[in-house]
Amino acid sequence: MVSKPANQMQAAFVEQVSEEKLLDCMRCGFCLPACPTYIQSGYNEVHSPRGRIAIMKGIRDGIVEWDSSTEEAIDLCLGCRACEPVCPAGVEYGHLLEQTRAAVQSAKSTSLKEQVSRKVAFDHLFKNQSAMVGATKLVRAYQASGLQKTVRKIGFMELFPPMLKEMEKAMPVVPKQTKRKPLVRVNKPTMNIAFFSGCLMDTMFRKTNDHTIQLLEMLGCNIVIPEAQVCCGALHGHSGELEKAKWNARRNIDAFDLSEIDFIVNNAGGCGAFLAEYGHLLAEDKEYAERAKVYDGKIIDVSSLLVKLGISEKLKAVSHLRNDLITYQDSCHLRNVNRVVNEPREILSSIPSAQYIELPSAGLCCGSAGIYNLLNQEMSLRILDDKMRDVQQTNASIVITTNPGCLLQMRAGIQRAGMSDIVRAEHIVDYLIEVLI
């Protein structure tokens with residue numbers, strides 16, 4: 001006879017956290033040196049993937065209680081998934097973490113403040129692109145009106161935690177939301193590409209999106225941008241809102257005509273990783289499961305697509321000298337989920353006017369991890385400060401990234417380290433346009 005779960009949290013874990021996936025962990029410890037929080041916590045097993053899986057299983061089995069210590073262990077996980085490529089058993093840690101956070105969210109009591117914050121974020125801001133556009137217009141007004149300068153001058157930002165101060169400084173100048181230029185139509189295109197424009201990328205980082213389209217058109221692609229697409233759902237999925245993430249996934253699958261395109265390209269590592277796992281997310285959905293698998297197969301990161309299109313040869317033909325010393329910080333999910341490692345390096349190493357140098361800790365998380373840097377500031381800053389010491393070792397003048405969160409984090413780190421006069425951070429697409437144009 002199977003006993004009933006002793007409490008609501010255990011019941012949620014039994015219902016939502018896969019015992020089969022938990023049992024895949026062999027406790028070998030290969031994940032330990034790959035885990036940033038394990039290292040930063042002084043090699044505390046509780047803050048390692050192996051330790052967290054033990055906690056998940058213990059709660060599911062009713063032998064570990066959900067309390068402040070277990071909550072801290074789960075919350076402090078970056079979700080960078082660096083443990084997955086080194087795991088000999090193929091443990092799907094990222095999926096277990098999402099299931100765990102969904103179980104916790106469904107079982108624990110939350111404050112009114114958290115309920116309102118989640119509703120605003122997940123039911124409006126990251127669900128409705130018009131709401132995102134409205135929010136970024138407010139940011140633009142803050143910047144363009146002179147209010148930002150006044151706030152900084154009177155020292156108002158000193159009232160905020162360190163990470164918020166640095167992120168405010170690192171925030172890009174939000175462009176005015178104007179109608180996108182007409183897309184170029186090529187008679188005999190190299191490829192037919194659908195562009196996943198994203199939510200933040202198409203508002204706060206609109207310039208990078210425009211540069212992405214410009215690059216692909218230069219390489220002979222026909223581009224289509226489906227208007228009905230929405231946020232990828234990554235922030236929902238990583239924050240315990242899996243059902244809301246599924247809603248976004250279904251809308252995006254409906255938005256793209258997969259029969260008419262070669263690839264769906266994206267320029268944000270975190271988004272690309274989540275988009276490429278819609279098949280897993282919707283595996284139990286009878287209507288969307290097969291379509292989600294087809295959708296996954298079309299997803300490609302912009303650096304991978306640029307390599308396929310021969311960007312390296314185009315870069316080698318550049319004659320003007322720049323003498324840049326550049327380095328590269330991996331997007332965790334691009335590297336650990338999509339397994340895109342060599343392509344950005346191949347591109348950057350092809351630029352004759354620049355010298356590429358490898359960042360010692362490029363494969364370790366920068367501490368951004370979505371909104372982790374705002375929710376777990378102390379751990380995020382410890383990781384970021386170590387990252388900046390590694391950047392200083394390279395003597396690089398430009399740090400290249402492939403994800404908006406990483407870009408903001410690296411810019412904040414540069415500000416924090418007092419390196420703004422000698423180092424800058426750029427998205428790979430923006431830097432390539434700078435080199436080519």
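A side-chain donor-acceptor contact under 3.5 Å links Gln16 and Ser106. For the residue pair Tyr328/Thr401, the side-chain donor-acceptor check at 3.5 Å is not satisfied. Using a 3.5 Å distance cut-off with no hydrogens or angles, the side chains of Ser361 and Asp390 do pair a donor with an acceptor. A donor and an acceptor atom, one from each side chain of Lys387 and Gln329, are located under 3.5 Å apart. A side-chain donor-acceptor contact under 3.5 Å links Glu277 and His95.
Residues Ile398 and Val423 fail the side-chain proximity criterion, which asks for heavy atoms closer than 4.5 Å. Side-chain contact between Pro175 and Lys207: absent, with no pair of heavy atoms (C-beta onward) separated by less than 4.5 Å. Taking 4.5 Å as the limit, some side-chain heavy atom of Met388 sits within range of a side-chain heavy atom of Val391. Residues Lys21 and Ile53 are not in side-chain contact: their nearest non-hydrogen atoms beyond the backbone lie 4.5 Å or more apart. Counting only heavy atoms from C-beta outward, the side chains of Leu96 and Val91 approach each other to under 4.5 Å. In this structure the side chain of His124 never reaches within 4.5 angstrom of the side chain of Met132, judged on heavy atoms. In this structure, the side chains of Thr394 and Pro360 come closer than 4.5 Å at one or more pairs of heavy atoms. Looking at Leu306 and Leu432, their side chains come closer than 4.5 Å, going by heavy atoms from C-beta outward.
When all heavy atoms of Pro85 and Ala82 are compared, the closest pair comes out as CD-O, 3.4 Å. Considering all non-hydrogen atoms of both residues, Ser331 and Cys406 come closest at CA-SG, 4.0 Å. For the pair Pro404 and Met201, the tightest heavy-atom approach, listed with the atom from each and the gap, is CG-SD, 3.5 Å. Nearest heavy-atom pair, Pro352 versus Ser350, reported as atom, atom and distance to 0.1 Å: CD-O, 3.1 Å.
To the nearest 0.5 Å, atom CG of residue Leu374 and atom OG of residue Ser380 are 8.0 Å apart. The CD atom of Gln409 sits 5.0 Å away from the SG atom of Cys366 when rounded to the nearest 0.5 Å.
At a threshold of 4.0 Å, the pair Lys108-Glu71 counts as salt-bridged, since one of the basic side-chain nitrogens sits closer than that to a carboxylate oxygen. Under the 4.0 Å criterion applied to side-chain N and carboxylate O atoms, Lys246 and Glu241 are not assigned as salt-bridge partners. A salt bridge is absent between Asp123 and Lys127; no separation between the charged side-chain nitrogens and carboxylate oxygens falls under 4.0 Å. The existence of a salt bridge linking Lys308 and Glu346 is excluded, since no basic side-chain nitrogen approaches an acidic carboxylate oxygen closer than 4.0 Å. A salt bridge is absent between Arg250 and Asp254: the closest approach of a Lys/Arg side-chain nitrogen to an acidic carboxylate oxygen does not fall below 4.0 angstrom. Comment: Arg345 engages Asp330 in a salt bridge, judged by a side-chain N to carboxylate O separation of less than 4.0 angstrom. At a threshold of 4.0 Å, the pair Arg389-Asp386 counts as salt-bridged, since one of the basic side-chain nitrogens sits closer than that to a carboxylate oxygen.
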task = Could you walk me through whether His47 and Tyr38 pass ring pair (Phe, Tyr, Trp, His ring centres under 6.0 Å), step by step?
result = CA-CA 5 Å; His47 297 305; Tyr38 174 71; 9.4 Å; no

request  = Could you walk me through whether Asp324 and Tyr431 pass side-chain hydrogen bond (donor to acceptor under 3.5 Å, both in side chains), step by step?
outcome  = CA-CA 11 Å; Asp324 294 334; Tyr431 182 66; 2.7 Å; yes

message = Run Glu358 and Tyr356 through side-chain hydrogen bond (donor to acceptor under 3.5 Å, both in side chains) and show every step you take.
response = CA-CA 7 Å; Glu358 184 71 12; Tyr356 174 75; 2.5 Å; yes

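Pairs passing the ring-ring contact (aromatic ring centres under 6.0 Å, His included) check and including a residue from residues 376-410, sequence neighbours excluded, do not occur.
Every residue two or more places apart in sequence or in another chain that forms a side-chain contact (heavy atoms from CB on, under 4.5 Å) with Leu23 is listed here: Glu19, Lys57.
Ring pair Phe196/Phe256 is parallel by interplanar angle, where below 30° counts as parallel and above 60° as perpendicular. By the 30° and 60° cut-offs, the orientation of the rings of Tyr278 relative to Phe274 is perpendicular.
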Without placing hydrogens or testing angles, list every side-chain donor-acceptor pair under 3.5 Å for residues 181-193, not counting sequence neighbours.
| unit_1 | atom_1 | unit_2 | atom_2 | d |
| --- | --- | --- | --- | --- |
| Arg185 | NH1 | Ile223 | O | 2.9 |
| Thr190 | OG1 | Leu219 | O | 3.0 |
| Thr190 | OG1 | Gly220 | O | 3.4 |

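Open room surrounds CZ on Phe30; 12 or fewer heavy atoms of other groups in view lie less than 6.0 Å from it.
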